[in-house]
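Report on one structure; see the data block that follows.
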Amino acid sequence: MLEGKAMIKETDMPVKMQTHAMDSASQALDLYDVSDCVLIAAHIKKEFDKRYGGGWQCVVGSNFGCFFTHTKGTFVYFALGTLNFLIFKGSSS
């Protein structure tokens, strides 16, 4: 596991789900090179789809902007190491 603690920047996600997000990110960083943000994001998305049902989105990187609508209670944005992680379930409205 990656040494260091994740820092939550913004969330409306339940604490247990936040912990799963950070654990999944740490696991992905153990499996993939830190520069391979697409594989890291895909790993986390698949973990969330498997556990919480489909429709999850994951963005990983050190510099990105975004604007999205999410389902209430499914959003977390945190930093771990040099990367930022955005995980959310999309909303139709």
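Hydrogens, waters and symmetry mates are skipped; everything else that's a heavy atom, side chains included, is used.
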For [X] and [Y], work out which heavy atoms get closest and say how close.
X     : Y     : result
Thr71 : Gly90 : OG1-O, 2.8 Å
Ala28 : Ile44 : CB-CG1, 4.4 Å
Ala25 : Phe85 : CB-CE2, 3.6 Å
Pro14 : Gly73 : CD-O, 3.3 Å
Trp56 : Lys45 : O-NZ, 3.0 Å

Please report the C-alpha distance between His20 and Arg51 in whole Å, then the side-chain angles of each, then the deciding distance to 0.1 Å, and finally whether the side chain to side chain contact (heavy atoms under 4.5 Å, CB included) criterion is met.
CA-CA 10 Å; His20 183 227; Arg51 182 172 288 186; 3.4 Å; yes
Hey, does [Y] have a side-chain heavy atom less than 4.5 Å from the side chain of [X]?
X     : Y     : result
Thr69 : Ser91 : yes
Met17 : Tyr52 : yes
His43 : Leu31 : yes

Hydrophobic clusters here meaning ILVMFWY residues chained together by side-chain heavy-atom distances under 4.5 Å, can you tell me if [X] and [Y] are in one?
X     : Y     : answer
Ile87 : Leu29 : yes
Ile40 : Val59 : no
Ile8  : Phe64 : no
Leu83 : Phe48 : yes
Leu86 : Leu39 : no

Tell me, with the steps shown, if Lys5 and Met22 meet side chain to side chain contact (heavy atoms under 4.5 Å, CB included).
CA-CA 9 Å; Lys5 185 174 166 113; Met22 292 180 285; over 6 Å; no
With sequence neighbours excluded, residues passing ring-ring contact (aromatic ring centres under 6.0 Å, His included) with Tyr77:
none
Asp12 and Val76: CA distance, side-chain angles, deciding distance, side chain to side chain contact (heavy atoms under 4.5 Å, CB included) verdict:
CA-CA 7 Å; Asp12 72 353; Val76 66; over 6 Å; no
Starting from the C-alpha separation in whole Å, work towards a yes-or-no answer on side chain to side chain contact (heavy atoms under 4.5 Å, CB included) for Glu10 and Phe75.
CA-CA 8 Å; Glu10 190 79 33; Phe75 160 73; 3.4 Å; yes
Side-chain donor or acceptor of Gln18 paired with backbone N/O of Met13 under 3.5 Å
yes
Please verify the inter-ring angle class for Phe88 with Phe68; under 30° counts as parallel, over 60° as perpendicular, anything in between as tilted.
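The rings of Phe88 and Phe68 lie parallel, inter-plane angle below 30°.
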How about NZ on Lys9, more than 12 heavy atoms from neighbouring residues, nucleotides or ligands closer than 6.0 Å, or not?
yes
Rounded to the nearest 0.5 Å, how far does OG of Ser26 lie from CG of Leu80?
6.0 Å
